[in-house]
Amino acid sequence: MANIPIYNPSEIEPRWQKRWEKDGLYNSDIDPSRPKFYALTMLPYPSGDLHIGHWYAMTPSDARARFKRMRGYNVLFPIGFDAFGLPAENAAIKNRTHPKVWTYRNIDKMRKQLRSMGAMFDWRREAVSADPEYYRWTEWFFIQLFNHNLAYRKMSPVDWCPHCNTTLAREQVWGDDRHCERCGTPVIKKNLEQWFFRTTNYAEELLHYDTIDWPERVRVLQTNWIGKSEGASVVFHTEQGDPLEVFTTRPDTLWGVTFMVLAPEHPLVQKITSPQQAAAVNAYVKQTLRQSDLQRESADKDKTGVFTGGFAINPVNGERIPVWIADYVLLTYGTGAIMAVPAHDQRDFEFARKFDLPVRVVIQPEGQEPVKEEDMTAAVPAMGTMVNSGPLTGTLGDQSFDKAVEYVERIGVGKRAVNYKLRDWLISRQRYWGAPIPMVYCKECGWNPVPEDQLPVLLPDDVEWKPTGESPLKLHPTWRFTTCPNCGGPAERETDTMDTFMCSSWYHLRYLSPKYDQGPFDPKEYDYWMPVDIYTGGIEHANMHLIYTRFFHKALRDMGITRGPEPMLQLRNQGMVLGEDSEKMSKSRGNTVAPDDLVKSFGADAVRAYLMFFARWDQGAPWNSSGIDGTVRWLRRSWSAIVEPADGGSAGEAVIRSLRRKVHQTLKAVTRDFEQFEFNTIVSGLMELMNEMLKAKQQGAWGTSAWNEAVEIYLHMLAPVSPHISEELWAYLGKPYSIHTRPWPVVDEDAASVEQITLVVQVNGKVRDRIMVPVDISEADARATALVSDAVQRNLAGRSPKQVIYVPGRLVNIVG
RNA sequence: GCCGGAGUGGCGGAAUAGGCAGACGCGCACGACUCAAAAUCGUGUACCUUCGGGUAUGUGGGUUCGAUUCCCACCUUCGGCACCA
């Protein structure tokens with residue numbers, strides 16, 4: 001037995017990885033003769049360590065890409081690095097290493113780790129967002145957005161960490177107390193002039209998902225995030241004559257307005273405030289500014305506010321109503337001013353009761369006791385018949401909204417309006433390690449883009465990246481000084497850099513041609529590969545990256561750069577691998593699992609298979625360190641089943657028949673599961689088949705043509721899951737390299753079919769007997785067979801059947 | 001508070017279109033091999049039982065010959081949003 005090899009993953013895995021790479025086995029090139037399939041997995045941030053979450057996301061994505069390739073598609077499965085971002089700068093400050101050095105060192109390490117997965121990445125297409133030939137085009141896109149009026153600059157409050165002395169991206173503000181991810185200090189707001197993208201231009205289109213197959217969860221998250229409200233905008237006037245516009249979703253309650261409330265920061269506050277109220281108003285405004293967002297936006301907080309001393313006129317009935325300010329009205333939503341209808345809005349009701357303001361009922365919900373102001377303990381928000389509403393009094397609930405809108409439009413004081421919670425995307429970052437914003441400010445000509453032939457605006461290497469609160473680029477002695485592209489006079493560069501989500505909004509396009517220098521991507525590659533057919537990654541990006549990249553694609557489409565309504569046709573999200581203690585994995589908790597160690601102990605093939613097997617992919621589960629043993633055992637059993645000879649040829653027809661049946665039934669199920677992202681049952685199906693194969697081997701099937709067929713099909717199905725062991729065994733059998741370029745096997749329906757079925761016999765819905773019958777048994781025979789069963793007779797106890805239900809191929813249910 | 005997902009053995013999970021609940025694996029128990037252990041292999045493994053059967057898929061109802069699956073109400077849990085006018 002000395003010539004029988006033993007399974008040694010640490011020897012075979014690196015060997016095949018080298019061979020595949022040398023042969024360019026996973027290179028994907030344009031091939032019009034085959035249908036294309038662009039499989040994209042979210043690109044990692046080069047933190048320096050490929051953790052188990054990366055493996056969990058990428059391994060099934062890779063297996064499915066491999067499956068699609070065997071199904072005849074020309075598959076593109078690229079990889080790259082989202083290489084700009086704050087952690088590199090934080091590490092730089094801590095370790096006195098340049099962010100560039102830190103980032104590229106990490107990328108080198110992660111490339112090695114990614115290669116150890118044995119994934120079919122086409123490394124020729126790798127893109128790194130911090131490479132100048134990449135961010136040249138990130139800058140170029142900024143200029144296109146600017147030229148199409150989709151990028152603009154305005155003063156805006158942003159999250160600021162007072163300890164790190166820097167602004168933070170929204171995703172770096174954590175928890176209910178809105179603290180800085182790095183140091184734990186609660187953030188404050190700071191006013192800065194910033195660049196924005198007009199994502200809100202696309203708010204409506206972003207709500208439509210009819211051309212894409214995305215998970216309901218993501219669609220719901222995005223829909224809530226975009227937050228569409230339909231209503232009316234109505235213009236009131238102050239007594240001084242200034243227009244005061246409000247947005248309302250309840251135009252039918254206009255006659256119930258008893259006061260108005262402005263956000264404390266509203267521009268009309270100073271003007272409308274009477275001299276007597278000035279001191280109180282100023283004190284309240286100051287107090288509001290001092291509060292954190294958390295204090296201010298807490299919904300269960302008692303209402304606070306101050307009367308301005310000013311009044312406004314209700315345009316539908318001419319009533320004079322007091323104007324207050326209160327922090328429950330936000331400047332950033334709608335117009336920053338509301339019409340208050342305490343009878344029909346709970347927030348207004350609470351405010352009215354606290355400050356003793358009038359409450360007037362103008363809606364009577366149908367089929368209920370009439371609502372009376374004096375009995376009310378809460379607002380009545382339901383729709384209903386309009387009362388006390390001038391010309392619209394008596395309008396029924398189902399018409400009240402439309403009639404009210406028509407009315408304000410007719411008398412010229414308002415119109416139908418839609419509001420979204422979505423805000424324009426703030427992309428300025430006061431950081432060094434990001435793509436420079438390619439804009440120049442000239443005192444004479446204002447802001448102008450850097451001419452495209454001067455791109456990229458390179459990041460200077462010689463900077464101090466101390467956390468001073470200013471962009472390090474601003475402190476560079478020379479970098480910021482330049483000449484105006486318009487008049488040639490002295491000018492200054494924008495020293496803020498771009499949000500890294502800008503880089504990741506278009507990386508799927510750079511993969512197409514990462515070296516291309518005539519544009520962001522080669523149109524020939526775009527025409528062949530785009531759109532992305534399947535996108536896999538974490539759901540935590542639902543309201544950030546996955547909205548940004550859709551916005552980006554649509555904006556570029558309107559400029560004629562991209563085509564089609566959406567960039568990614570299908571999206572699937574993996575769940576999260578938790579620590580063995582069922583808590584989120586974190587270094588501080590000490591519950592992390594290192595994939596490098598697992599690969600060392602068990603091999604990449606076992607880690608891949610286990611990650612696909614141990615949980616439903618879309619749900620994730622806590623890690624179980626002993627669970628992987630079962631997967632390892634199964635791979636070893638597979639190995640020895642195939643390489644260890646046995647006494648063969650003596651298997652009877654029944655053994656052969658049932659082996660072939662199992663093989664082709666499994667092939668059918670595995671094929672379906674790959675299509676449907678049900679990875680755990682792929683592995684369990686292969687385990688079941690291996691158990692059957694071992695039984696058949698014991699029964700003398702070894703060496704028969706059915707056995708050889710079983711082994712071949714088994715290895716084809718195993719290849720996407722565990723690519724190294726299947727390639728090794730394929731070669732061991734003397735088959736031509738490589739199994740990964742082979743076509744997916746075809747199901748032999750005859751072999752998969754059954755001659756005998758188990759007929760389940762129920763009495764009153766309870767299983768009483770199971771009888772083997774021919775698959776093509778007639779209904780009459782099935783009924784007769786069931787009725788004569790001893791168990792049936794016993795359970796009927798002499799009663800005669802009232803009804804007999806027959807489900808062909810499954811069961812007979814006797815109702816007695 | 002609003003929106004969404006999920007509740008099945010000791011654990012992860014399976015059950016294609018309403019039809020055999022618990023596949024596959026972990027763990028556990030026993031056995032074989034071994035001086036012994038590990039590894040490996042084999043057998044068993046929801047609960048109760050008077051051995052006929054009975055009870056079980058978060059809880060309570062409903063539809064149905066039949067419900068883990070469909071409907072209603074509720075509970076628990078995870079995630080998101082949250083004074084959005």
Side-chain angles (χ1 to χ4, degrees), chain A residues 215-225 227-229 231 246-250 253 260-261 263 296-301 303 326-330 332-341 344-348 350-351 419-422 539-540 542-543 575-576 582 609-610 613-616 618-631 633-634 636-637 640 668-669 672-673 676 678 680-691 694 758-770 791 794-795 801-816:
Chain A
E216 156 107 21
R217 281 168 75 196
V218 174
R219 298 197 318 258
V220 167
L221 282 170
Q222 292 198 347
T223 301
N224 290 345
W225 185 258
K228 181 179 184 175
S229 296
V246 299
F247 172 74
T248 179
T249 54
R250 291 297 300 273
T253 63
M260 293 184 83
V261 188
R296 175 164 173 179
E297 289 174 9
S298 139
D300 47 3
K301 186 183 85 162
K303 293 282 178 292
D327 64 4
Y328 81 91
V329 176
L330 308 172
T332 46
Y333 183 79
T335 61
I338 62 157
M339 56 177 232
V341 187
H344 306 294
D345 181 281
Q346 184 60 22
R347 295 154 302 183
D348 299 345
E350 285 166 22
F351 195 84
N419 242 285
Y420 301 91
K421 288 191 213 171
L422 185 75
I539 197 168
E540 67 273 17
N543 285 342
M576 216 195 306
S582 296
Y610 183 58
F613 173 67
F614 90 110
R616 272 181 59 169
D618 58 342
Q619 276 182 218
W623 182 256
N624 177 345
S625 56
S626 64
I628 195 169
D629 292 341
T631 315
R633 279 176 205 142
W634 160 64
R636 283 202 204 120
R637 265 204 313 276
S640 57
K668 215 171 175 174
R672 189 194 61 229
D673 289 348
Q676 298 179 355
E678 285 168 10
N680 54 343
T681 47
I682 291 172
V683 177
S684 70
L686 290 174
M687 287 173 166
E688 266 188 78
L689 174 56
M690 180 42 62
N691 292 344
L694 283 167
T758 307
L759 187 72
V760 172
V761 182
Q762 298 181 333
V763 176
N764 294 328
K766 288 191 188 219
V767 177
R768 297 299 178 188
D769 206 353
R770 299 185 175 92
R794 194 163 57 234
N795 279 284
K802 290 193 196 112
Q803 193 188 352
V804 179
I805 312 281
Y806 174 60
V807 183
R810 288 191 193 275
L811 61 70
V812 175
N813 186 17
I814 296 156
V815 186

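All chains are named by letter (A, B, ...) in the order of the sequence lines, taking the proteins before the strands, and each is independently numbered beginning at 1. Treat the numbers as computed from the prediction; the structure is a model and nothing was measured.
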Of all the choices, G80(B), G12(B), A85(B), which nucleotide is nearest to the side chain of Asn543(A) once you look at every atom? G80(B)
Is the shortest heavy-atom distance from the side chain of Val804(A) to the side chain of Val815(A) under 4.5 Å? no
Please list each protein N or O that sits under 3.5 Å from an N or O in nucleotides 14-19 of chain B, with the distance.
unit_1, atom_1, unit_2, atom_2, d
A14(B), OP1, Asn680(A), ND2, 2.9
U16(B), O2, Arg672(A), NH1, 2.7
U16(B), N3, Arg672(A), NH1, 2.5
G19(B), N2, Gln762(A), OE1, 3.3

Give me the distance, rounded to whole Å, that separates C83(B) from G58(B) when you measure between the P atoms they each carry. 35 Å
side-chain N/O Thr223(A) vs C3(B) OP1/OP2, d < 4.0 Å: no
With a cut-off of less than 4.0 Å, is there a side-chain N or O of Asn691(A) near OP1 or OP2 of G25(B)? yes
Nearest to the side chain of Arg636(A), which nucleotide is it out of A39(B), G12(B), C20(B)? A39(B)
Using atom P in both nucleotides, what's the gap between C47(B) and G22(B) to the nearest angstrom? 14 Å
Taking only N/O atoms, report every protein-nucleotides 29-31 of chain B pair under 3.5 Å with atom names and distance.
none

Listed partners of Gln762(A) passing side-chain contact (heavy atoms from CB on, under 4.5 Å), at least two apart: Val760(A), Val767(A), Leu811(A), Asn813(A)
With the side chain of Ser626(A) defined as its heavy atoms from C-beta on, choose the nearest nucleotide among G12(B), A85(B), G27(B). G27(B)
Rounded distance in Å - CG (Asp345(A)) to C1' (C2(B)): 15 Å
For nucleotides C78(B) and A67(B), find the distance between their P atoms and express it as a whole number of Å. 32 Å
Tyr610(A) ring center within less than 6.0 Å of Trp623(A) ring center: yes
Could you check if the base of G9(B) is syn or anti? Syn means the glycosidic torsion is within 90 degrees of 0. syn
Which whole number of Å gives the distance between the C1' atom of G9(B) and that of U68(B)? 14 Å
Are Trp634(A) and Phe613(A) close enough that some pair of their side-chain heavy atoms sits under 4.5 Å apart? no
What's Gly809(A) touching, base or sugar-phosphate or nothing? Going by heavy atoms closer than 4.0 Å. nothing
Atom pairs under 3.5 Å: protein N/O with N/O of nucleotides 60-64 of chain B:
none

Find out whether Arg250(A) and Asp345(A) are in side-chain contact, i.e. whether some heavy atom of one side chain is under 4.5 Å from a heavy atom of the other. no
Of Gly227(A) and Asp629(A), whose closest RNA chain B nucleotide lies nearer the 5' terminus? Asp629(A)
Of the candidate nucleotides G25(B), C3(B), C83(B), which contains the atom at the shortest distance from the side chain of Phe613(A)? G25(B)
Pair Ser229(A), Asn419(A): side-chain N/O donor-acceptor within cut-off below 3.5 Å: no
With Arg616(A), which residues qualify under side-chain contact (heavy atoms from CB on, under 4.5 Å), at least two apart? Asp618(A), Gln619(A), Asn680(A)
Using a 4.5 Å cut-off on heavy atoms from C-beta on, say whether the side chain of Thr249(A) contacts that of Phe247(A). yes
Atom pair distance, as rounded to whole Å: CH2 in Trp634(A) and C1' in A39(B): 20 Å
With rounding to whole Å, what would you report as the distance between U57(B) and A21(B) at their P atoms? 12 Å
Just the rounded figure in Å: distance from P of G1(B) to CG of Asn224(A). 17 Å
Nearest whole Å is fine: how far is C24(B) C1' from Leu686(A) CG? 11 Å
Euclidean distance for P, G19(B) against C70(B) (whole angstrom): 11 Å
Ignoring backbone atoms, establish whether Arg217(A) has a side-chain N or O less than 4.0 Å from OP1 or OP2 of G79(B). no
Val815(A) has a side chain; which of A85(B), C83(B), C65(B) sits nearest to it? C65(B)
Secondary structure string for RNA chain B (Watson-Crick or G-U under 3.5 angstrom, | for other-strand pairs): (((((((..(((......[....)))((((((.......))))))(((....)))..(((((..]....))))))))))))....
Looking only at side-chain atoms of Tyr333(A), point me to the closest of C83(B), C20(B), A85(B). A85(B)
Does Lys303(A) make a side-chain donor-acceptor contact with the base of C83(B), cut-off 3.5 Å? yes
What I want to check is whether the side chains of Ser626(A) and Asn624(A) have a donor and an acceptor closer together than 3.5 Å. yes
Nucleotide of C26(B), A85(B), C20(B) approaching Ile338(A) most closely (side-chain heavy atoms): A85(B)
With sequence neighbours excluded, tell me which residues meet side-chain hydrogen bond (donor to acceptor under 3.5 Å, both in side chains) with Lys228(A). Glu204(A)
Pairwise P distance for G18(B) and U69(B), with rounding to whole Å: 11 Å
G7(B) glycosidic torsion: syn (within 90° of 0) vs anti: anti
Heavy-atom nearest nucleotide on RNA chain B for Glu216(A) versus Pro622(A): which residue maps closer to 5'? Glu216(A)
May I ask you to establish whether Lys303(A) and Tyr328(A) are in a cation-pi arrangement, using a distance under 6.0 Å from NZ or CZ to the six-membered ring centre and at most 45° from the ring axis? yes
Shortest side-chain distance from Arg633(A), nucleotide among A85(B), C3(B), U40(B): U40(B)
Do Ile539(A) and Arg217(A) have side chains that approach each other closer than 4.5 Å (heavy atoms only, starting at C-beta)? yes
Using atom C1' of each nucleotide, how far apart are G13(B) and A6(B) to the nearest Å? 14 Å
By side-chain contact (heavy atoms from CB on, under 4.5 Å), Gln676(A) pairs with (sequence neighbours left out) Arg672(A), Glu678(A)
With Asp348(A) via salt bridge (charged side-chain N to carboxylate O under 4.0 Å, His left out) - residues at least two apart: none
Is there a donor-acceptor pair closer than 3.5 Å between any side-chain N or O of Gln222(A) and the backbone N or O of Ala542(A)? yes
Only counting residues at least two apart or in another chain, list the ones meeting salt bridge (charged side-chain N to carboxylate O under 4.0 Å, His left out) with Arg768(A). none
With Asn691(A), which residues qualify under side-chain contact (heavy atoms from CB on, under 4.5 Å), at least two apart? Arg637(A)
Examine G4(B): is either OP1 or OP2 under 4.0 Å from a nitrogen or oxygen in the side chain of Arg219(A)? Give yes or no. no
With the side chain of Gln619(A) defined as its heavy atoms from C-beta on, choose the nearest nucleotide among C3(B), A6(B), C20(B). A6(B)
Classify every nucleotide of nucleotides 47-58 of chain B by which part a protein heavy atom approaches to under 4.0 Å, writing B for the base, S for the sugar-phosphate alone and - for neither, in 5'-to-3' order. -----SSSS---
Taken to the nearest whole Å, CE/Met339(A) to P/A85(B) is 12 Å
For Trp225(A) and C3(B), what is the distance between atoms CH2 and C1' respectively, to the nearest whole Å? 14 Å
